[in-house]
Protein chains: 2
Amino acid sequence: MSDRLDLAFAALADPTRRAILTMLLEDDMAVTDVAEPFDISLAAISKHLTILTRAGLIAQEKRGRVKWCKLEPDALRAASVWMQGFGQFEPVNLDAFERFLEVELSPEADHSPQE
Amino acid sequence: MSDRLDLAFAALADPTRRAILTMLLEDDMAVTDVAEPFDISLAAISKHLTILTRAGLIAQEKRGRVKWCKLEPDALRAASVWMQGFGQFEPVNLDAFERFLEVELSPEADHSPQE
DNA sequence: CCAATCGTCAACCAAATGGTTGAATATGGC
DNA sequence: GCCATATTCAACCATTTGGTTGACGATTGG
């Protein structure tokens with residue numbers, strides 16, 4: 001029953017997890033390094049990463065004793081696509097929509113994160 | 001603490017609430033009419049609508065004894081914009097996006113809530 | 001005015017969430 | 001082989017969530 005979108009949106013609802021995603025935008029990271037800036041236990045971070053993984057928002061790959069985390073854009077894109085349907089029902093919203101298309105469709109676009 | 005995005009994403013994490021939003025895409029609706037296609041109590045729907053309202057995803061206006069619900073796109077747009085920062089860091093295939101447009105924008109599309 | 005309709009409130013319940021701590025399981029370095 | 005490092009597991013806790021039912025307050029129609 002619990003749809004892919006359920007998991008994605010639920011994962012995105014937590015500020016710690018959104019912060020983790022933002023960090024991973026910069027680079028892949030080990031679990032310990034992900035945990036470093038936060039004030040909660042490593043176990044709690046590990047749980048957050050599990051939730052992000054099951055939501056398909058990140059992937060974890062163990063190399064040696066280190067488990068690397070990297071963004072997995074598909075789920076984010078699915079959620080984004082779902083929301084775009086609502087951006088369109090009003091002319092005002094075409095702003096964001098057009099910016100999206102512009103960036104997304106230009107072959108030589110600079111796809112680096114802005115932040 | 002709980003950010004606007006927290007509330008928006010948490011609200012979007014429930015399939016019933018996403019279905020409600022989809023219904024409201026068609027037209028503004030009274031609470032009772034929103035509840036009609038669902039198998040849960042009116043009180044439960046009322047709670048869902050409160051959550052959507054506090055998340056800024058819909059607005060409710062009482063006229064007479066009927067309370068009308070309508071989409072409020074700002075919060076959705078905020079969430080959408082947040083996610084686009086992630087959609088861009090990799091060249092994207094627009095497949096899913098185009099399929100979505102096809103379904104969602106066709107005038108005779110079946111937008112009824114799916115369970 | 002009275003009854004029906006619209007919607008919320010209150011109390012309750014089971015399950016999920018986000019956190020803790022302490023022990024356990026790899027793995028790597030020396 | 002041993003110890004430190006990296007990460008998860010297990011048990012526990014408080015709070016939130018999504019649902020129920022029944023009573024309640026407004027409003028409308030006849």
Side-chain angles (χ1 to χ4, degrees), chain A residues 1-24 27-70 75, chain B residues 1-24 27-70 113-115:
Chain A
M1 182 123 306
S2 88
D3 200 48
R4 195 163 194 82
L5 281 179
D6 290 34
L7 295 175
F9 282 128
L12 290 171
D14 185 278
T16 300
R17 289 193 291 263
R18 287 200 307 279
I20 291 174
L21 291 177
T22 303
M23 290 164 60
L24 292 178
D27 210 349
D28 300 354
M29 297 178 79
V31 172
T32 307
D33 296 329
V34 168
E36 195 271 330
F38 297 100
D39 228 22
I40 61 180
S41 70
L42 186 60
I45 293 292
S46 180
K47 284 190 189 178
H48 280 307
L49 291 172
T50 300
I51 289 170
L52 288 169
T53 301
R54 288 202 298 131
L57 295 169
I58 69 171
Q60 290 181 286
E61 181 197 356
K62 192 167 179 183
R63 273 204 300 274
R65 71 181 158 180
V66 174
K67 202 166 190 179
W68 293 91
C69 309
K70 66 179 228 273
Chain B
M1 182 121 310
S2 91
D3 200 48
R4 196 165 193 80
L5 281 179
D6 290 34
L7 294 174
F9 282 128
L12 290 171
D14 185 278
T16 300
R17 289 193 291 264
R18 286 200 308 279
I20 291 174
L21 290 177
T22 303
M23 291 163 60
L24 292 177
D27 209 350
D28 299 355
M29 297 179 79
V31 173
T32 307
D33 296 328
V34 169
E36 195 270 329
F38 297 98
D39 228 22
I40 60 180
S41 69
L42 184 60
I45 293 292
S46 180
K47 284 189 188 178
H48 280 307
L49 292 173
T50 299
I51 290 170
L52 288 169
T53 301
R54 289 203 296 132
L57 295 169
I58 69 170
Q60 291 181 285
E61 182 197 356
K62 193 166 179 183
R63 274 204 300 275
R65 73 182 156 177
V66 175
K67 202 167 192 178
W68 293 91
C69 310
K70 67 177 226 273
Q114 73 296 23
E115 181 64 18

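Throughout, a chain's letter reflects where its sequence line sits, starting with A, and its residues are numbered from 1. None of these values were measured; they are calculated from a predicted model.
To the nearest 0.5 Å, atoms CG (A:Leu49) and SG (A:Cys69) are separated by 4.5 Å.
For A:Thr53, the side-chain contact (heavy atoms from CB on, under 4.5 Å) criterion is met by A:Ile58, A:Gln60, not counting sequence neighbours. For the side-chain contact (heavy atoms from CB on, under 4.5 Å) test, residues two or more places apart in sequence or in another chain that qualify with A:Thr50 are A:Arg54. With sequence neighbours left out, the salt bridge (charged side-chain N to carboxylate O under 4.0 Å, His left out) criterion links A:Lys70 to A:Glu72.
Summarising the geometry, the separation between CD1 on A:Ile45 and P on D:dT5 is reported as 20 Å, rounded to the nearest angstrom. Rounding to whole angstrom units, CH2 of residue A:Trp68 and C1' of D:dT8 are separated by 18 Å. Rounded to a whole Å, the CD1 atom of A:Ile20 is 13 Å from the P atom of D:dT7. As a whole-Å value, the separation of A:Leu52 CG from D:dT7 P is 15 Å.
Nearest heavy-atom pair across A:Ala55 and A:Ala11 is CB-CB, 3.8 Å.
For the segment residues 29-36 of chain A, the set of residues with a heavy atom within less than 4.0 Å of an atom of DNA chain D comprises A:Ala30, A:Val31, A:Thr32, in numerical order.
Counting only residues at least two apart or in different chains, salt bridge (charged side-chain N to carboxylate O under 4.0 Å, His left out) contacts with residues 8-22 of chain B comprise A:Asp3-B:Arg18, A:Asp6-B:Arg18.
Proximity of B:Met23 to B:Pro37: side-chain heavy atoms (C-beta onward) are separated by under 4.5 Å at one or more points. Side-chain contact between A:Ile45 and A:Thr32: absent, with no pair of heavy atoms (C-beta onward) separated by less than 4.5 Å.
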Seminar exercise, completed: Its contact letters, B for base, S for sugar-phosphate only and - for none at protein heavy atoms under 4.0 Å, make nucleotides 18-30 of chain C read SBBB-----BS--
